[in-house]
Protein chains: 2
Amino acid sequence: MSDAFALEDHVGFLLRKAHQRHASLFLDAACDHALTPTQFAALVKVVECRRVTQNHLGRKVAMDPATIQGVVKRLTARGLVVRTHDPMDRRTAVLAPTEAAHELIATAAACAQRAHAAALSPLSAAEQAVFLTLLRRMG
Amino acid sequence: MSDAFALEDHVGFLLRKAHQRHASLFLDAACDHALTPTQFAALVKVVECRRVTQNHLGRKVAMDPATIQGVVKRLTARGLVVRTHDPMDRRTAVLAPTEAAHELIATAAACAQRAHAAALSPLSAAEQAVFLTLLRRMG
DNA sequence: GGCAGATCGTTTGTACACGCATGATCGCCC
DNA sequence: GGGCGATCATGCGTGTACAAACGATCTGCC
């Protein structure tokens with residue numbers, strides 16, 4: 001290995017920068033809904049599932065119980081998600097989307113699509129396809 | 001656009017997962033030095049530069065002034081970095097690595113290399129090269 | 001029925017990451 | 001030399017992210 005450690009050739013460093021850049025583009029593209037990428041991901045899954053347990057949702061979007069707890073708290077505070085209970089299992093918090101969530105998610109998805117395109121814009125269409133395929137395999 | 005919004009096909013979601021995975025692998029590979037990926041990146045650059053201004057270091061490793069301030073505070077608390085002052089510019093904090101930093105960085109770089117390899121291990125050697133090239137272009 | 005281990009959600013503590021505001025200092029240009 | 005915009009480091013507030021510990025509850029197995 002050479003004497004100079006090439007920090008800028010390491011996956012970790014490049015992933016951190018790419019992730020930061022996308023997050024920044026996402027917040028720019030978020031016209032008025034003001035959802036963070038994390039909140040958006042959680043909300044999309046809640047809408048998709050109609051009814052989910054909190055930790056189960058966390059697993060679907062790669063957030064540990066402590067993290068999803070905070071995210072859900074902010075979504076419920078904004079009236080996008082409601083918490084109910086399963087009488088069959090009194091440990092769980094069952095989440096469901098509100099009407100507001102259904103309305104918001106349509107426009108937010110368009111914003112997310114723009115952020116997606118902007119983040120990938122330095123690559124050609126063919127390169128984007130390759131990149132996404134490889135990135136998926138790293139997950 | 002289809003009715004089902006495919007969250008798992010979006011760069012942002014995939015980048016977040018890949019970044020999390022690498023961070024986890026990095027902490028596993030960090031035998032005893034107990035540096036986070038962020039702290040490691042900052043320390044590598046300080047060693048590389050011998051003397052850097054705090055914000056200048058932040059720009060080199062993609063951290064804003066508020067973030068690099070906390071990272072440097074933790075590195076100085078561990079005796080890996082010392083803060084001096086430039087009499088020519090009394091606003092700045094000039095950072096330099098300690099002896100301990102030079103000793104630590106050698107073993108830490110080996111750990112980082114292992115984390116790098118582990119994170120990329122789902123891909124073949126050829127795919128890794130392609131992936132890194134594309135990822136660099138997204139920065 | 002009752003115990004043991006697993007799972008659920010919460011809390012606490014630490015570490016990034018950023019926007020915004022602030023006070024100190026610098027550079028430049030008049 | 002004086003003023004003005006830019007830069008430096010810091011502080012506060014908010015939002016991810018995770019480990020560890022906790023009480024509550026469920027499940028399986030005896």
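All values derive from a computational prediction rather than experimental measurement.
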Notebook entry, point to check: Is the distance from OP1 or OP2 of dC8(C) to the nearest side-chain N or O of Arg83(A) less than 4.0 Å?
Noted result: no

Margin query: How about NE2 on His56(B), more than 12 heavy atoms from neighbouring residues, nucleotides or ligands closer than 6.0 Å, or not?
Written below: no

Margin query: Could you tell me if the side chain of Arg21(B) sits less than 4.5 Å from the side chain of Met138(A), heavy atoms only?
Written below: yes

Next item on the list: Using the rule that two of Ile, Leu, Val, Met, Phe, Trp, Tyr join whenever any of their side-chain heavy atoms come within less than 4.5 Å, decide whether Leu15(B) and Met63(A) are in one cluster.
Entry: no

Notebook entry, point to check: Does a side-chain N-to-carboxylate-O contact under 4.0 Å join Asp9(A) and Arg136(B)?
Noted result: yes

Return the polar atom pairs (N/O with N/O) between nucleotides 2-5 of chain D and the protein under 3.5 Å, or none.
none

Notebook entry, point to check: In the hydrophobic cluster built from side-chain contacts under 4.5 Å, what are the other members alongside Leu25(A)?
Noted result: none

Next item on the list: Find out whether His22(B) and His19(B) are in side-chain contact, i.e. whether some heavy atom of one side chain is under 4.5 Å from a heavy atom of the other.
Entry: no

Next item on the list: State, with a plain yes or no, whether a side-chain heavy atom of Gln113(A) is found less than 4.5 Å away from one of His10(B).
Entry: yes

Checklist line | Distance in angstrom units between Leu75(B) CG and dA15(C) P, rounded | finding: 11 Å

Notebook entry, point to check: Taking side chain as C-beta onward, heavy atoms only, is Val82(A) less than 4.5 Å from Thr76(A)?
Noted result: no

Next item on the list: Give, ordered by number, those residues of residues 50-65 of chain A having at least one heavy-atom distance below 4.0 Å to an atom of DNA chain D; if nothing qualifies, reply none.
Entry: Asp64(A)

Notebook entry, point to check: Within this structure, what is the CZ-to-C1' distance between Arg74(B) and dG13(C), rounded to whole angstrom?
Noted result: 12 Å

Notebook entry, point to check: Base, sugar-phosphate alone, or nothing: which one does Thr67(A) contact when heavy atoms must sit under 4.0 Å apart?
Noted result: base

Which atoms of nucleotides 24-28 of chain D (N or O only) lie under 3.5 Å from a protein N or O atom, and what are those distances?
unit_1, atom_1, unit_2, atom_2, d
dC26(D), OP1, Arg90(A), N, 2.8

Checklist line | Under-4.0 Å salt bridge between Lys60(B) and Glu8(A) | finding: no

Next item on the list: Decide side chain to side chain contact (heavy atoms under 4.5 Å, CB included) for Phe131(B) and Val11(A); before the verdict, give the C-alpha distance in whole Å, the side-chain angles of both, and the deciding distance to 0.1 Å.
Entry: CA-CA 9 Å; Phe131(B) 181 71; Val11(A) 227; 4.1 Å; yes

Item checked: Between Thr67(A) and Asp64(A), a side-chain donor and acceptor under 3.5 Å -> yes

Checklist line | Residues in contact with DNA chain D, drawn from residues 34-46 of chain A - heavy-atom cutoff 4.0 Å | finding: Thr36(A), Thr38(A), Gln39(A)

Item checked: 4.5 Å side-chain heavy-atom contact, Arg83(A) and Val94(A) -> no

Notebook entry, point to check: Base, sugar-phosphate, or nothing: which does Ala66(A) touch, judged by heavy atoms less than 4.0 Å apart?
Noted result: base

Notebook entry, point to check: Which of residues 14-22 of chain B have a heavy atom under 4.0 Å from DNA chain D?
Noted result: Arg16(B), Gln20(B)

Notebook entry, point to check: Are Val52(A) and Phe40(A) joined in one hydrophobic group, where the rule is that I, L, V, M, F, W and Y side chains link up if heavy atoms are under 4.5 Å apart?
Noted result: yes

Check: Does the side chain of Leu123(A) come within less than 4.5 Å of Val130(A)'s, by heavy atoms?
Finding: no

Check: Rounded to whole angstrom units, what separation is found between the CD1 atom of Ile68(B) and the P atom of dC16(C)?
Finding: 10 Å

Next item on the list: Flag the pair His116(B) / Leu132(B) as yes when at least one side-chain heavy-atom distance between them is below 4.5 Å, and no otherwise.
Entry: yes

Notebook entry, point to check: Which whole-number value in Å describes the distance from Gln69(A) CD to dT7(C) C1'?
Noted result: 16 Å

Note to self: Rounded to whole Å, how long is the line connecting atom CZ of Arg78(A) with atom C1' of dT14(D)?
What the structure shows: 14 Å

Checklist line | Sub-4.5 Å side-chain heavy-atom contact between Arg74(B) and Leu80(B) | finding: no

